Amino acid sequence: MTASGLPRRVHLGYALGSLVTGAFGTVPGLLLLPYLTDTLGVAAGLAALLVLLPKAWDVLVNPVAGRISDRTRSRWGARRPYLLGGGLALAVLFASIFAAPFANGPAAAAYVALAFLATATAFAFFQVPYVAMPAELTADPAERTRLMTWRIAVLALAILVSGAVAPAVVTAGGDGVPGHRWMGLFVAVLIVAGTVGVFLGTRSAPTGTVGESEPSLRAQLAVATGNRPFRVLLICFVIQSAGVATVLAGVKYFADQVLREPDSGPTLLFACFVAPALLVMPLWSRAGARLGKRASLVAASVIFAVGALALVAAPALPAATAYAVVAVIGVGYAGQQVFALAMLPDCIAYDTARTGRRQAGVFTGLWTAGETFGLALGPGIYGLVLQLSGYVSSSTGTAAVQSDTARLGVLLGFTVLPALLVAIPLVLLRGYTLTPAQLATASDATASDATASDATASDATASDATAPGATTSAAAAPEADGAAPAARA
(Lines give C-alpha, C1' and ligand atoms only; values in the text may rest on other atoms or scores of the structure.)
Protein backbone atom coordinates (compact mmCIF):
# COMPACT_ATOMS: atom_id res chain seq x y z
CA MET A 1 0.00 0.00 0.00
CA THR A 2 1.37 3.42 -0.91
CA ALA A 3 1.17 6.52 1.23
CA SER A 4 -1.83 7.75 -0.74
CA GLY A 5 -3.69 4.45 -0.30
CA LEU A 6 -3.18 2.97 -3.78
CA PRO A 7 -2.20 -0.71 -3.58
CA ARG A 8 0.59 -1.95 -5.79
CA ARG A 9 -1.90 -4.20 -7.56
CA VAL A 10 -3.73 -1.07 -8.73
CA HIS A 11 -0.44 0.41 -9.98
CA LEU A 12 0.26 -2.76 -11.92
CA GLY A 13 -3.33 -3.24 -13.05
CA TYR A 14 -3.55 0.29 -14.40
CA ALA A 15 -0.15 -0.03 -16.08
CA LEU A 16 -1.25 -3.15 -17.98
CA GLY A 17 -3.45 -0.91 -20.11
CA SER A 18 -0.22 0.28 -21.69
CA LEU A 19 -0.04 -3.06 -23.50
CA VAL A 20 -3.00 -1.76 -25.50
CA THR A 21 -1.81 1.81 -26.00
CA GLY A 22 1.77 0.70 -26.62
CA ALA A 23 0.85 -1.89 -29.24
CA PHE A 24 -1.53 0.35 -31.16
CA GLY A 25 0.66 3.41 -30.77
CA THR A 26 3.70 1.55 -32.08
CA VAL A 27 2.89 -1.05 -34.71
CA PRO A 28 0.85 1.05 -37.19
CA GLY A 29 3.47 3.79 -37.00
CA LEU A 30 6.19 1.21 -37.52
CA LEU A 31 4.76 -1.12 -40.15
CA LEU A 32 1.70 0.42 -41.79
CA LEU A 33 3.59 2.83 -44.06
CA PRO A 34 6.09 0.15 -45.25
CA TYR A 35 3.17 -2.29 -45.63
CA LEU A 36 1.46 0.13 -47.99
CA THR A 37 4.58 1.09 -49.97
CA ASP A 38 6.49 -2.21 -50.09
CA THR A 39 3.69 -4.82 -50.00
CA LEU A 40 0.59 -3.22 -51.51
CA GLY A 41 2.53 -1.03 -53.98
CA VAL A 42 0.93 2.26 -52.87
CA ALA A 43 2.91 5.40 -53.75
CA ALA A 44 4.64 6.95 -50.73
CA GLY A 45 2.69 10.21 -50.89
CA LEU A 46 -0.70 8.49 -51.05
CA ALA A 47 0.36 6.04 -48.33
CA ALA A 48 1.21 9.01 -46.10
CA LEU A 49 -2.33 10.36 -46.51
CA LEU A 50 -3.87 6.95 -45.82
CA VAL A 51 -1.94 6.76 -42.54
CA LEU A 52 -2.65 10.35 -41.53
CA LEU A 53 -6.34 10.91 -42.32
CA PRO A 54 -7.95 8.08 -40.30
CA LYS A 55 -6.09 9.13 -37.17
CA ALA A 56 -6.83 12.79 -37.81
CA TRP A 57 -10.45 11.70 -37.38
CA ASP A 58 -9.63 11.12 -33.71
CA VAL A 59 -9.26 14.86 -33.22
CA LEU A 60 -13.07 14.90 -33.42
CA VAL A 61 -13.80 11.53 -31.83
CA ASN A 62 -11.59 11.75 -28.72
CA PRO A 63 -13.28 14.74 -27.04
CA VAL A 64 -16.66 13.09 -27.67
CA ALA A 65 -15.39 9.87 -26.10
CA GLY A 66 -14.22 11.90 -23.10
CA ARG A 67 -17.57 13.59 -22.62
CA ILE A 68 -19.45 10.28 -22.91
CA SER A 69 -17.23 8.63 -20.29
CA ASP A 70 -17.62 11.67 -18.00
CA ARG A 71 -21.39 11.18 -18.09
CA THR A 72 -21.37 7.39 -17.68
CA ARG A 73 -22.75 5.93 -14.44
CA SER A 74 -22.33 2.19 -13.94
CA ARG A 75 -21.44 -0.33 -11.26
CA TRP A 76 -18.01 -0.51 -12.90
CA GLY A 77 -17.47 3.25 -12.68
CA ALA A 78 -17.32 5.81 -15.45
CA ARG A 79 -14.19 4.58 -17.22
CA ARG A 80 -13.88 0.79 -16.90
CA PRO A 81 -16.78 -0.21 -19.21
CA TYR A 82 -15.01 1.55 -22.06
CA LEU A 83 -11.70 -0.11 -21.24
CA LEU A 84 -13.32 -3.50 -21.78
CA GLY A 85 -15.56 -2.74 -24.75
CA GLY A 86 -13.14 -0.45 -26.57
CA GLY A 87 -10.18 -2.75 -26.02
CA LEU A 88 -11.86 -5.91 -27.31
CA ALA A 89 -13.24 -4.10 -30.36
CA LEU A 90 -9.79 -2.67 -31.00
CA ALA A 91 -8.22 -6.14 -31.05
CA VAL A 92 -10.63 -7.45 -33.69
CA LEU A 93 -10.39 -4.35 -35.86
CA PHE A 94 -6.59 -4.21 -35.67
CA ALA A 95 -6.29 -7.72 -37.08
CA SER A 96 -8.65 -6.69 -39.88
CA ILE A 97 -6.29 -3.92 -41.06
CA PHE A 98 -3.81 -6.51 -42.32
CA ALA A 99 -6.36 -9.11 -43.50
CA ALA A 100 -5.79 -7.94 -47.12
CA PRO A 101 -8.97 -9.14 -48.86
CA PHE A 102 -7.65 -7.24 -51.92
CA ALA A 103 -4.11 -8.08 -53.03
CA ASN A 104 -3.07 -4.61 -54.19
CA GLY A 105 -4.20 -1.52 -56.06
CA PRO A 106 -6.81 1.14 -55.19
CA ALA A 107 -9.23 -1.35 -53.59
CA ALA A 108 -6.54 -2.59 -51.22
CA ALA A 109 -5.56 0.96 -50.26
CA ALA A 110 -9.20 1.98 -49.66
CA TYR A 111 -9.81 -1.11 -47.53
CA VAL A 112 -6.81 -0.36 -45.31
CA ALA A 113 -7.92 3.25 -44.89
CA LEU A 114 -11.45 2.25 -43.80
CA ALA A 115 -10.25 -0.51 -41.48
CA PHE A 116 -7.72 1.85 -39.91
CA LEU A 117 -10.45 4.48 -39.43
CA ALA A 118 -12.68 2.00 -37.56
CA THR A 119 -9.73 0.83 -35.47
CA ALA A 120 -8.77 4.39 -34.53
CA THR A 121 -12.35 5.04 -33.38
CA ALA A 122 -12.33 1.97 -31.12
CA PHE A 123 -8.97 3.04 -29.73
CA ALA A 124 -10.37 6.47 -28.83
CA PHE A 125 -13.01 4.85 -26.62
CA PHE A 126 -10.29 2.88 -24.82
CA GLN A 127 -7.56 5.48 -24.57
CA VAL A 128 -9.54 8.52 -23.42
CA PRO A 129 -11.07 6.87 -20.32
CA TYR A 130 -7.74 5.16 -19.63
CA VAL A 131 -5.76 8.40 -19.59
CA ALA A 132 -8.49 10.12 -17.53
CA MET A 133 -8.23 7.65 -14.66
CA PRO A 134 -5.06 8.87 -12.82
CA ALA A 135 -6.59 12.25 -11.95
CA GLU A 136 -9.38 10.34 -10.19
CA LEU A 137 -7.26 7.64 -8.58
CA THR A 138 -5.20 9.96 -6.36
CA ALA A 139 -4.92 13.63 -5.37
CA ASP A 140 -1.17 13.43 -4.67
CA PRO A 141 1.00 14.81 -7.55
CA ALA A 142 3.96 12.67 -6.43
CA GLU A 143 1.75 9.59 -6.38
CA ARG A 144 0.56 10.39 -9.90
CA THR A 145 4.21 10.52 -10.97
CA ARG A 146 4.74 7.06 -9.46
CA LEU A 147 1.62 5.81 -11.20
CA MET A 148 2.92 7.20 -14.50
CA THR A 149 6.31 5.60 -13.86
CA TRP A 150 4.65 2.19 -13.62
CA ARG A 151 2.62 2.95 -16.71
CA ILE A 152 5.59 4.10 -18.78
CA ALA A 153 7.64 1.09 -17.67
CA VAL A 154 4.93 -1.24 -19.00
CA LEU A 155 4.52 1.01 -22.04
CA ALA A 156 8.22 0.62 -22.75
CA LEU A 157 7.86 -3.15 -22.43
CA ALA A 158 4.81 -3.11 -24.71
CA ILE A 159 6.64 -1.06 -27.32
CA LEU A 160 9.65 -3.37 -27.05
CA VAL A 161 7.59 -6.53 -27.47
CA SER A 162 5.22 -5.25 -30.15
CA GLY A 163 7.74 -3.13 -32.03
CA ALA A 164 10.61 -5.61 -31.95
CA VAL A 165 8.64 -8.82 -32.37
CA ALA A 166 6.06 -7.64 -34.93
CA PRO A 167 8.63 -7.29 -37.75
CA ALA A 168 10.04 -10.69 -36.81
CA VAL A 169 6.53 -12.20 -37.02
CA VAL A 170 6.14 -10.71 -40.51
CA THR A 171 9.42 -12.34 -41.56
CA ALA A 172 8.60 -15.67 -39.91
CA GLY A 173 5.19 -15.64 -41.56
CA GLY A 174 6.71 -15.40 -45.02
CA ASP A 175 6.79 -11.61 -45.49
CA GLY A 176 4.30 -9.91 -47.78
CA VAL A 177 0.57 -10.34 -47.15
CA PRO A 178 0.78 -13.70 -45.25
CA GLY A 179 3.40 -12.37 -42.84
CA HIS A 180 1.38 -9.24 -42.11
CA ARG A 181 -1.74 -11.30 -41.43
CA TRP A 182 0.10 -13.29 -38.76
CA MET A 183 1.48 -10.08 -37.33
CA GLY A 184 -2.03 -8.61 -37.06
CA LEU A 185 -3.18 -11.63 -35.06
CA PHE A 186 -0.13 -11.44 -32.79
CA VAL A 187 -0.77 -7.78 -31.93
CA ALA A 188 -4.48 -8.48 -31.41
CA VAL A 189 -3.57 -11.04 -28.73
CA LEU A 190 -1.40 -8.42 -26.97
CA ILE A 191 -4.30 -5.97 -27.03
CA VAL A 192 -6.69 -8.52 -25.52
CA ALA A 193 -4.19 -9.31 -22.75
CA GLY A 194 -3.82 -5.63 -21.86
CA THR A 195 -7.57 -5.04 -21.98
CA VAL A 196 -8.41 -7.87 -19.61
CA GLY A 197 -5.47 -6.96 -17.35
CA VAL A 198 -6.41 -3.31 -16.85
CA PHE A 199 -10.12 -4.09 -16.46
CA LEU A 200 -9.55 -6.66 -13.74
CA GLY A 201 -6.56 -4.91 -12.16
CA THR A 202 -8.46 -1.67 -11.48
CA ARG A 203 -11.65 -3.25 -10.14
CA SER A 204 -10.76 -2.24 -6.55
CA ALA A 205 -9.42 1.22 -7.47
CA PRO A 206 -11.14 4.47 -6.41
CA THR A 207 -13.45 5.86 -9.09
CA GLY A 208 -13.69 9.46 -7.86
CA THR A 209 -16.77 11.46 -6.95
CA VAL A 210 -19.13 12.47 -9.73
CA GLY A 211 -19.28 16.25 -9.79
CA GLU A 212 -20.86 19.00 -11.85
CA SER A 213 -19.74 19.30 -15.45
CA GLU A 214 -19.97 22.01 -18.06
CA PRO A 215 -23.39 22.02 -19.78
CA SER A 216 -22.12 21.43 -23.31
CA LEU A 217 -19.13 19.97 -25.13
CA ARG A 218 -18.36 23.37 -26.61
CA ALA A 219 -18.31 24.95 -23.15
CA GLN A 220 -16.06 22.16 -21.83
CA LEU A 221 -13.61 22.62 -24.70
CA ALA A 222 -13.56 26.37 -24.04
CA VAL A 223 -12.64 25.77 -20.40
CA ALA A 224 -9.97 23.21 -21.33
CA THR A 225 -8.30 25.43 -23.89
CA GLY A 226 -8.50 28.32 -21.41
CA ASN A 227 -6.27 26.37 -19.01
CA ARG A 228 -2.89 27.84 -19.97
CA PRO A 229 -0.62 25.14 -18.47
CA PHE A 230 -2.66 22.47 -20.23
CA ARG A 231 -2.68 24.35 -23.52
CA VAL A 232 1.09 24.87 -23.49
CA LEU A 233 1.82 21.27 -22.51
CA LEU A 234 -0.57 19.90 -25.13
CA ILE A 235 0.95 21.86 -28.03
CA CYS A 236 4.45 20.83 -26.99
CA PHE A 237 3.48 17.18 -26.64
CA VAL A 238 1.67 17.01 -29.98
CA ILE A 239 4.68 18.35 -31.87
CA GLN A 240 7.06 16.08 -29.98
CA SER A 241 4.80 13.10 -30.64
CA ALA A 242 5.14 13.81 -34.35
CA GLY A 243 8.91 13.72 -33.88
CA VAL A 244 8.79 10.38 -32.09
CA ALA A 245 6.46 9.04 -34.77
CA THR A 246 8.91 9.90 -37.55
CA VAL A 247 11.45 7.68 -35.80
CA LEU A 248 8.92 4.85 -35.61
CA ALA A 249 7.91 5.29 -39.24
CA GLY A 250 11.51 5.31 -40.41
CA VAL A 251 12.83 2.26 -38.55
CA LYS A 252 12.28 -0.28 -41.31
CA TYR A 253 13.41 2.11 -44.05
CA PHE A 254 16.50 3.09 -42.03
CA ALA A 255 17.38 -0.57 -41.41
CA ASP A 256 16.89 -1.43 -45.09
CA GLN A 257 18.47 1.55 -46.85
CA VAL A 258 21.06 2.94 -44.40
CA LEU A 259 22.21 0.07 -42.18
CA ARG A 260 21.67 -2.50 -44.96
CA GLU A 261 20.28 -4.97 -42.41
CA PRO A 262 16.67 -5.58 -43.53
CA ASP A 263 16.16 -8.80 -41.56
CA SER A 264 17.61 -8.11 -38.11
CA GLY A 265 17.85 -4.32 -38.28
CA PRO A 266 14.25 -3.37 -37.32
CA THR A 267 14.24 -5.66 -34.29
CA LEU A 268 17.66 -4.44 -33.09
CA LEU A 269 16.75 -0.80 -33.59
CA PHE A 270 13.63 -1.24 -31.50
CA ALA A 271 15.48 -3.10 -28.78
CA CYS A 272 18.05 -0.30 -28.60
CA PHE A 273 15.35 2.40 -28.61
CA VAL A 274 13.09 0.91 -25.93
CA ALA A 275 15.21 -1.35 -23.71
CA PRO A 276 17.11 1.57 -22.08
CA ALA A 277 13.77 2.94 -20.85
CA LEU A 278 13.34 -0.13 -18.66
CA LEU A 279 16.68 0.65 -17.00
CA VAL A 280 16.57 4.43 -16.69
CA MET A 281 13.01 4.94 -15.42
CA PRO A 282 14.13 4.96 -11.75
CA LEU A 283 16.79 7.54 -12.65
CA TRP A 284 14.24 9.75 -14.39
CA SER A 285 11.94 9.43 -11.39
CA ARG A 286 14.75 10.71 -9.13
CA ALA A 287 15.53 13.49 -11.58
CA GLY A 288 11.90 14.58 -11.49
CA ALA A 289 11.93 14.72 -7.71
CA ARG A 290 15.15 16.73 -7.70
CA LEU A 291 14.78 19.05 -10.71
CA GLY A 292 11.02 19.24 -11.13
CA LYS A 293 8.90 17.83 -13.95
CA ARG A 294 9.28 20.69 -16.43
CA ALA A 295 13.09 20.88 -16.16
CA SER A 296 13.34 17.11 -16.44
CA LEU A 297 11.13 17.13 -19.55
CA VAL A 298 13.45 19.70 -21.14
CA ALA A 299 16.53 17.63 -20.26
CA ALA A 300 15.03 14.45 -21.71
CA SER A 301 14.01 16.23 -24.91
CA VAL A 302 17.51 17.65 -25.38
CA ILE A 303 19.03 14.18 -25.01
CA PHE A 304 16.61 12.87 -27.64
CA ALA A 305 17.35 15.69 -30.10
CA VAL A 306 21.13 15.56 -29.72
CA GLY A 307 21.14 11.80 -30.20
CA ALA A 308 18.97 12.05 -33.32
CA LEU A 309 21.27 14.69 -34.85
CA ALA A 310 24.34 12.56 -34.10
CA LEU A 311 22.76 9.70 -36.05
CA VAL A 312 23.16 11.68 -39.29
CA ALA A 313 26.65 10.18 -39.40
CA ALA A 314 25.21 6.63 -39.45
CA PRO A 315 26.29 5.84 -43.06
CA ALA A 316 29.92 6.36 -42.05
CA LEU A 317 29.62 4.57 -38.69
CA PRO A 318 29.81 0.87 -37.82
CA ALA A 319 26.33 -0.55 -37.31
CA ALA A 320 27.08 -1.21 -33.63
CA THR A 321 27.80 2.48 -33.07
CA ALA A 322 24.55 3.48 -34.77
CA TYR A 323 22.63 1.13 -32.49
CA ALA A 324 24.34 2.68 -29.45
CA VAL A 325 23.29 6.17 -30.56
CA VAL A 326 19.72 4.94 -30.94
CA ALA A 327 19.93 3.73 -27.32
CA VAL A 328 20.82 7.29 -26.27
CA ILE A 329 17.74 8.54 -28.12
CA GLY A 330 15.74 5.94 -26.20
CA VAL A 331 16.95 7.33 -22.88
CA GLY A 332 15.63 10.75 -23.85
CA TYR A 333 12.37 9.28 -25.13
CA ALA A 334 11.71 7.54 -21.80
CA GLY A 335 12.04 10.76 -19.82
CA GLN A 336 10.09 12.78 -22.35
CA GLN A 337 7.11 10.45 -22.08
CA VAL A 338 7.03 10.03 -18.32
CA PHE A 339 7.22 13.73 -17.48
CA ALA A 340 4.70 14.89 -20.07
CA LEU A 341 2.23 12.27 -18.84
CA ALA A 342 2.95 13.14 -15.20
CA MET A 343 2.29 16.84 -15.86
CA LEU A 344 -1.07 16.17 -17.52
CA PRO A 345 -2.91 15.01 -14.34
CA ASP A 346 -1.53 18.07 -12.55
CA CYS A 347 -3.21 20.29 -15.17
CA ILE A 348 -6.46 18.38 -14.76
CA ALA A 349 -6.34 18.56 -10.96
CA TYR A 350 -5.57 22.28 -11.15
CA ASP A 351 -8.63 22.89 -13.30
CA THR A 352 -10.81 20.80 -10.98
CA ALA A 353 -9.56 22.72 -7.95
CA ARG A 354 -10.01 26.04 -9.74
CA THR A 355 -13.48 25.43 -11.20
CA GLY A 356 -14.95 22.71 -9.00
CA ARG A 357 -16.04 20.74 -12.07
CA ARG A 358 -15.29 17.16 -13.09
CA GLN A 359 -13.83 17.39 -16.61
CA ALA A 360 -11.01 14.87 -16.70
CA GLY A 361 -12.54 13.11 -19.69
CA VAL A 362 -12.63 16.26 -21.79
CA PHE A 363 -9.04 17.21 -20.96
CA THR A 364 -7.78 13.72 -21.74
CA GLY A 365 -9.97 13.62 -24.84
CA LEU A 366 -8.16 16.68 -26.15
CA TRP A 367 -4.84 15.26 -25.03
CA THR A 368 -5.27 11.88 -26.69
CA ALA A 369 -6.70 13.51 -29.81
CA GLY A 370 -3.58 15.65 -30.04
CA GLU A 371 -1.27 12.73 -29.30
CA THR A 372 -3.01 10.54 -31.86
CA PHE A 373 -2.80 13.30 -34.44
CA GLY A 374 0.90 13.79 -33.70
CA LEU A 375 1.59 10.06 -33.99
CA ALA A 376 -0.25 10.03 -37.32
CA LEU A 377 1.41 13.23 -38.52
CA GLY A 378 4.88 11.74 -38.07
CA PRO A 379 4.42 8.92 -40.62
CA GLY A 380 2.58 11.37 -42.87
CA ILE A 381 5.53 13.75 -42.88
CA TYR A 382 7.96 10.89 -43.30
CA GLY A 383 5.99 9.53 -46.25
CA LEU A 384 6.03 12.98 -47.82
CA VAL A 385 9.81 13.12 -47.41
CA LEU A 386 10.07 9.74 -49.14
CA GLN A 387 7.85 10.94 -51.97
CA LEU A 388 9.87 14.13 -52.48
CA SER A 389 13.15 12.23 -52.41
CA GLY A 390 11.98 9.80 -55.10
CA TYR A 391 11.31 6.64 -53.10
CA VAL A 392 10.09 3.78 -55.34
CA SER A 393 7.23 1.61 -54.03
CA SER A 394 6.92 -2.15 -54.54
CA SER A 395 4.13 -4.76 -54.48
CA THR A 396 6.44 -7.74 -53.93
CA GLY A 397 6.83 -7.56 -50.16
CA THR A 398 10.47 -6.52 -50.58
CA ALA A 399 11.74 -2.96 -50.89
CA ALA A 400 12.81 -1.88 -54.37
CA VAL A 401 16.32 -0.68 -55.16
CA GLN A 402 16.50 3.03 -54.29
CA SER A 403 18.52 5.96 -55.60
CA ASP A 404 21.08 7.88 -53.53
CA THR A 405 18.58 10.73 -53.21
CA ALA A 406 15.90 8.41 -51.86
CA ARG A 407 18.34 6.95 -49.33
CA LEU A 408 19.26 10.48 -48.23
CA GLY A 409 15.56 11.18 -47.66
CA VAL A 410 15.32 8.03 -45.54
CA LEU A 411 18.29 9.21 -43.44
CA LEU A 412 17.21 12.83 -42.93
CA GLY A 413 13.64 11.83 -42.12
CA PHE A 414 14.93 9.51 -39.42
CA THR A 415 17.43 11.94 -37.85
CA VAL A 416 17.20 15.68 -38.52
CA LEU A 417 13.42 15.82 -38.80
CA PRO A 418 12.63 14.21 -35.40
CA ALA A 419 15.41 16.21 -33.73
CA LEU A 420 13.79 19.46 -34.86
CA LEU A 421 10.28 18.35 -33.95
CA VAL A 422 11.34 17.41 -30.42
CA ALA A 423 13.61 20.40 -29.73
CA ILE A 424 11.73 23.37 -31.21
CA PRO A 425 8.56 23.17 -29.04
CA LEU A 426 10.67 23.38 -25.86
CA VAL A 427 10.52 27.17 -26.15
CA LEU A 428 6.79 26.90 -25.46
CA LEU A 429 7.40 25.39 -22.04
CA ARG A 430 8.38 28.81 -20.73
CA GLY A 431 4.63 29.39 -20.60
CA TYR A 432 4.07 26.36 -18.38
CA THR A 433 4.06 27.93 -14.90
CA LEU A 434 2.09 25.38 -12.89
CA THR A 435 4.01 24.33 -9.79
CA PRO A 436 3.12 22.00 -6.89
CA ALA A 437 2.75 25.04 -4.65
CA GLN A 438 0.34 26.70 -7.07
CA LEU A 439 -1.68 23.49 -7.35
CA ALA A 440 -1.82 23.16 -3.56
CA THR A 441 -2.95 26.78 -3.21
CA ALA A 442 -5.76 26.27 -5.70
CA SER A 443 -6.88 23.10 -3.92
CA ASP A 444 -6.83 24.84 -0.53
CA ALA A 445 -8.88 27.74 -1.92
CA THR A 446 -11.47 25.33 -3.32
CA ALA A 447 -11.66 23.52 0.02
CA SER A 448 -12.15 26.83 1.84
CA ASP A 449 -14.90 27.88 -0.56
CA ALA A 450 -16.62 24.53 -0.10
CA THR A 451 -16.48 24.88 3.70
CA ALA A 452 -17.88 28.41 3.54
CA SER A 453 -20.65 27.30 1.20
CA ASP A 454 -21.52 24.43 3.50
CA ALA A 455 -21.64 26.77 6.53
CA THR A 456 -23.83 29.28 4.68
CA ALA A 457 -26.25 26.57 3.63
CA SER A 458 -26.43 25.23 7.20
CA ASP A 459 -27.13 28.71 8.61
CA ALA A 460 -29.85 29.28 6.04
CA THR A 461 -31.48 25.99 6.92
CA ALA A 462 -31.36 26.65 10.67
CA SER A 463 -32.77 30.20 10.48
CA ASP A 464 -35.65 29.46 8.07
CA ALA A 465 -36.31 25.74 7.77
CA THR A 466 -39.73 26.36 6.25
CA ALA A 467 -38.61 28.77 3.49
CA PRO A 468 -39.17 27.53 -0.10
CA GLY A 469 -35.45 27.80 -0.85
CA ALA A 470 -34.31 26.01 2.29
CA THR A 471 -34.36 22.56 0.73
CA THR A 472 -32.45 23.82 -2.31
CA SER A 473 -29.75 25.41 -0.17
CA ALA A 474 -29.31 22.36 1.97
CA ALA A 475 -29.11 20.13 -1.08
CA ALA A 476 -26.47 22.35 -2.62
CA ALA A 477 -24.12 21.99 0.31
CA PRO A 478 -23.00 18.41 -0.40
CA GLU A 479 -22.43 19.38 -4.05
CA ALA A 480 -20.14 22.18 -2.95
CA ASP A 481 -18.41 19.88 -0.52
CA GLY A 482 -17.76 17.42 -3.34
CA ALA A 483 -16.66 20.07 -5.79
CA ALA A 484 -13.14 18.72 -6.14
CA PRO A 485 -13.64 15.06 -7.06
CA ALA A 486 -10.12 14.57 -8.29
CA ALA A 487 -8.70 15.85 -5.02
CA ARG A 488 -10.85 13.51 -2.96
CA ALA A 489 -10.30 10.48 -5.17
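Residues take their numbers from the sequence shown, with the count starting at 1. Remember, predicted model here, so these are calculated numbers, not experimental data.
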What donor-acceptor contacts under 3.5 angstrom involve side-chain atoms of residues 323-340, with partners at least two apart or in another chain?
unit_1, atom_1, unit_2, atom_2, d
Tyr323, OH, Glu261, OE1, 2.5
Gln336, NE2, Gln240, OE1, 2.9

Filter on ring-ring contact (aromatic ring centres under 6.0 Å, His included), then keep only pairs touching residues 413-434, sequence neighbours left out; what's left?
Phe254-Phe414

Kindly state each residue pair satisfying ring-ring contact (aromatic ring centres under 6.0 Å, His included) with at least one member in residues 288-312, sequence neighbours excluded.
none

Around atom CZ of Arg260, are there more than 12 heavy atoms from other residues, nucleotides or ligands closer than 6.0 Å?
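Atom CZ in Arg260 is crowded, with more than 12 foreign heavy atoms closer than 6.0 Å.
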
Hits for salt bridge (charged side-chain N to carboxylate O under 4.0 Å, His left out) against Asp38, two or more places apart or cross-chain, chain-then-number order -> none

Name all residues meeting the salt bridge (charged side-chain N to carboxylate O under 4.0 Å, His left out) criterion together with Arg294; count only those two or more places apart in sequence or in a different chain, and write none if there are none.
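Scan of Arg294 (salt bridge (charged side-chain N to carboxylate O under 4.0 Å, His left out), adjacent residues dropped) gives none.
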
Pairwise distance OG1(Thr415) to CG(Leu420) - rounded to 0.5 angstrom
9.5 Å

Quick one: pull up CG in Leu375 and OG1 in Thr246 and give me the separation to the nearest 0.5 Å.
10.5 Å

Using the test side chain to side chain contact (heavy atoms under 4.5 Å, CB included), find all partners of [X] that sit at least two apart in sequence or belong to another chain.
X	result
Leu428	Val232, Ile235, Pro425
Phe199	Trp76, Arg80, Leu84
Ala47	Leu33, Leu36, Thr37, Val42
Asp256	Lys252, Pro262, Ala399

Test: side chain to side chain donor-acceptor pair (under 3.5 Å). Region: residues 377-387. Which pairs qualify, not counting sequence neighbours?
none

Give me each pair satisfying side chain to side chain donor-acceptor pair (under 3.5 Å) with a member in residues 12-34, each pair once, sequence neighbours excluded.
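Residue pairs with at least one partner in residues 12-34: Ser18-Tyr130.
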
Can you find a pair of side-chain heavy atoms, one from [X] and one from [Y], that are under 4.5 Å apart?
X	Y	answer
Tyr82	Val128	no
Gln402	Val410	no
Leu50	Phe116	no
Val312	Val416	yes
Leu32	Pro379	no

Hey, what's the ring geometry for Phe230 with Phe363, parallel, tilted or perpendicular (30° and 60° as the breaks)?
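Judged by the thresholds at 30° and 60°, the geometry between Phe230 and Phe363 is perpendicular.
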
Residue pair Val61 / Thr121: nearest heavy atoms and the distance that separates them
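Scanning both residues, the minimum pair turns out to be CG1-CG2, 4.2 Å.
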
Would you mind writing out the side-chain donor-acceptor pairs for residues 161-171 within the sub-3.5 Å range, not counting sequence neighbours?
unit_1, atom_1, unit_2, atom_2, d
Ser162, OG, Ala158, O, 2.6
Thr171, OG1, Pro167, O, 3.2

Would the Phe24 and Phe126 ring centres measure less than 6.0 Å apart?
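Aromatic pair excluded; centres sit 6.0 Å or further apart.
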
